Amino acid sequence: MMTKNFILFFKKAFLCFGGIILALTVCSCGGDKNAQRIKDATLQLDNSRHTLTDEYDYWPECGLRITGSHLASLLSLEEFEKMLPCPLYVSGPHHDGQWDLENTEVFGYYNPKAIQYLADLFKKVVADKNFVEISKPLVDKYLYDKMHIMMGLHDIMYSDNLPDLLYMDATPQQAREAVFNDLIINQGECFGPACDVTMNISFEDPSWTYNGSNHQFLYFWARRWKDGTIDLFYKALSTFFLAYYPEYENDPGYTWLDPEYLYEWEEGDYEGDGFAPTNYDYELEEDEPVSDEERINKDEAVKDLRAAIENLDNTYNVMLDEFDYWPECGLRITASHLFSLISLKALHRMLPCDLYLSGPHHYNHWEMDCSYDFGKYNPEAVQYLGELAKKVVSDKSFVKKTQPLVDKYLKRQMFILKSLYEGLNNPELCQDKRALFDDLMERRGNIYGGDPVCMARDFIAALEPSIEDGSYVYSNTGEMFLYFWARRDYDETIDLFYNILNTVYSAYYPQ
């Protein structure tokens, strides 16, 4: 089991592979003198030292952070920046010739002009075939595994069959954006489609580099996608890598594990039907509560929630063993798709307290197959979510921009929930709400079997003419929307949830 400090240690690694590319390429931008400087640094790879002295050194079978630490001993950021004709970063935490490797809230946005300049001039370094031949043993020992992983991950992410590999009904671009957004929103932690990528591929390298820090390699590409330099970085990386390893083929398919292997249990390991559980069951060994240091403030939470809404076109069904009928679906499949945008762990980071007081759910994933229990929400957490919701929709331009997405994916579900709540509080439609909830809780939401006398069934039928919109969402799963309100009545958060729902719905549909 990975310790919490060990996880945070990897989480901080957010720019050092840029150091690999840039530290080995940038000196060429100043002419022969700088090209020679970078050659000299490369030939000193055997003599690098660990500059982050307070962290464990596992060079060379290491991730991006330790690699950057060693490369910094050969070429400092201050020296490196002096070689450029323009600033290296357009924004971010790095300044005064120093990398800020402890900042987990923001990352550096590279200057496209600087990276383009480096990529164009990089060819000069590797054009020296004699240098490539002399330095290859050092590159083999210290840099090959990192570069190979980066090449492979990029090629997988830009493969036309990425949606098939992720079992997503999406275009390659939508699948790629879903993976990258997953990492950006969760600050490098893998929960949704990014987790599928890192867990389902295998690089046949002799080192344990990929196994130790695979998500951080992918997170590097996500950040470069975010700052708009991913193509430029890949150009620089591939120029260097292919000069040493021209036999590499731009065909990442060989790295993907056999799906039959991924979704079958070893015989005797688990009880059940022989297949793996649904895909939301992530890394239970890391199922720890968030610390106060990991929590984010309201402004950051609002930013992440808005980013999720803006990416409603890029969701996918994390419960792979259930039929996906999104967006004309009930609450369960809706939650499955929303979970691909914001994980439970990411949601906990937005809150000042635990989301649940009790129930089957874990800190980093929902338990959606528990038939004997359900999560009892923490009223304090729901109240706080209501405050976040108000801030999210307070920006009228954001509401206008995301209106088509909400129309397509969330309007019908919100309308059903809102209509049911208001119907429950209308004496003409519901004469005894308490009795209705008690009956529904006893039946666990299943109102269409057993005793023909069922208040909830009659209530659902009475509202159908005013709610059914032709999509059949209500007629197919209306009882589960009602069961949600019964459970919220049970844990005494029903009015708090309605306030959130009404805030969001009224912002988008004021009429």
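Computed from a prediction, not measured in an experiment: that's the story for all the values here.
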Side chains of Tyr245 and Met147 in contact at under 4.5 Å (non-hydrogen atoms): yes

Test item: Ser69 side-chain N/O and Thr51 main-chain N/O as donor-acceptor pair under 3.5 Å: yes

Listed once per pair and sorted, the salt bridge (charged side-chain N to carboxylate O under 4.0 Å, His left out) pairs that draw on residues 394-406, sequence neighbours left out: Glu310-Lys401

Considering all heavy atoms, the nearest Leu77-Leu88 contact: CD1-CD2, 4.0 Å

Euclidean distance, Leu143 CG relative to Thr42 OG1, rounded to 0.5 Å: 8.0 Å

Validation row: Ile66, Asp57 side chains within 4.5 angstrom (heavy atoms): yes

Rounded distance [0.5 Å steps], CG in Asn47 versus NE2 in His70: 12.0 Å

Side chain proximity check, Arg176 to Tyr158, heavy atoms < 4.5 angstrom: yes

Check: Asp227 side chain, Tyr110 main-chain N or O, donor-acceptor pair, under 3.5 Å: yes

Test side chain to side chain contact (heavy atoms under 4.5 Å, CB included) applied to Leu43 and Phe131, step by step: CA-CA 9 Å; Leu43 294 173; Phe131 164 73; 4.2 Å; yes

NZ or CZ of Lys136 within 45° of Tyr244 ring axis and under 6.0 Å: no

Residues, nucleotides or ligands: over 12 heavy atoms within 6.0 Å of Asp169 CG: no

Sequence-distant partners of Gln413, side chain to side chain donor-acceptor pair (under 3.5 Å), two or more places apart: Thr334

Matching residue for Trp326 among Tyr316, Tyr409, Phe339 - test: ring pair (Phe, Tyr, Trp, His ring centres under 6.0 Å): Tyr409

Full working for side chain to side chain contact (heavy atoms under 4.5 Å, CB included) between Met168 and Gln174: CA-CA 9 Å; Met168 294 177 65; Gln174 289 172 335; 6.0 Å; no

Nearest atoms (heavy-atom pairs only) where Cys86 meets Asn111: SG-ND2, 4.0 Å

Pairwise side-chain contact, Thr67 with Leu71, heavy-atom cut-off 4.5 Å (strictly under): yes

Donor-acceptor pair, side chain of Glu294 and main chain of Ser291, under 3.5 angstrom: yes

Donor-acceptor contact present, side-chain Ser76 to main-chain Ala72, <3.5 Å: no

Closest approach of Arg37 to Met83 (non-hydrogen atoms, all atoms of both residues): CG-CE, 4.0 Å

Side-chain heavy atoms of Asp155 within contact of Tyr234, under 4.5 Å: yes

Asn297 (side chain) donor-acceptor with Glu300 (main chain) under 3.5 angstrom: yes

Heavy-atom pair with the smallest gap, counting every atom of Pro193 and Val179: CB-CG2, 3.8 Å

Value rounded to 0.5 Å, distance of CG in Leu355 from CG in Leu385: 6.5 Å

Centroid-centroid under 6.0 Å between Tyr142 and Trp59 rings: yes

Ala346 backbone acceptor or donor facing Ser343 side chain under 3.5 Å: yes

Under 3.5 Å donor-acceptor, Asp182 side chain and Ala194 backbone: yes

Ser336: which of Thr315, Asn317, Asp324 passes side-chain hydrogen bond (donor to acceptor under 3.5 Å, both in side chains): Asn317

Distance in Å, Glu177 CD paired with Asn314 CG, rounded so as to fall on 0.5 Å steps: 5.0 Å

Within 6.0 angstrom of Lys303 NZ, more than 12 heavy atoms from elsewhere: no

Pairwise distance CD(Gln403) to OH(Tyr508) - rounded to 0.5 angstrom: 7.5 Å

Interatomic spacing from NZ in Lys226 to CG in Leu183 - rounded to 0.5 Å: 12.5 Å

Side-chain (Thr229) to main-chain (Pro112) donor-acceptor, under 3.5 angstrom: no

Check: Ala307 main-chain N/O paired with Asn311 side-chain donor or acceptor under 3.5 Å: yes

Min side-chain heavy-atom separation Val504-Met414 under 4.5 Å: yes

Phe241 and Tyr248 aromatic ring geometry - parallel, tilted or perpendicular at 30°/60° bounds: perpendicular

Closest non-hydrogen atom pair between Val132 and Val126, with its separation: CG2-O, 3.6 Å

Side-chain donor/acceptor of Arg306 to backbone N/O of Val392, under 3.5 Å: yes

Output field: ring centroids Phe220/Phe233 closer than 6.0 Å: yes

Results of ring pair (Phe, Tyr, Trp, His ring centres under 6.0 Å) for His348 - residues two or more places apart only: none

Residue pair Gln44 / Asp40, side-chain donor-acceptor N/O under 3.5 Å: no

Side-chain touch Thr239/Val125, heavy atoms, less than 4.5 angstrom: no

Audit row: Val406, Val399, side chain to side chain contact (heavy atoms under 4.5 Å, CB included) steps and yes/no: CA-CA 9 Å; Val406 174; Val399 170; over 6 Å; no

Least distance between heavy atoms, Pro172 atom then Leu162 atom: O-CD2, 4.2 Å

From CA spacing to verdict: side chain to side chain contact (heavy atoms under 4.5 Å, CB included), Val290, Leu351: CA-CA 10 Å; Val290 298; Leu351 300 172; over 6 Å; no

Partner of Leu237 under side-chain contact (heavy atoms from CB on, under 4.5 Å), chosen from Met151, Lys146, His154: Met151

Contact check, side chains of Asp46 and Lys141, non-hydrogen atoms, under 4.5 Å: yes

Trp221 ring center within less than 6.0 Å of Phe180 ring center: no

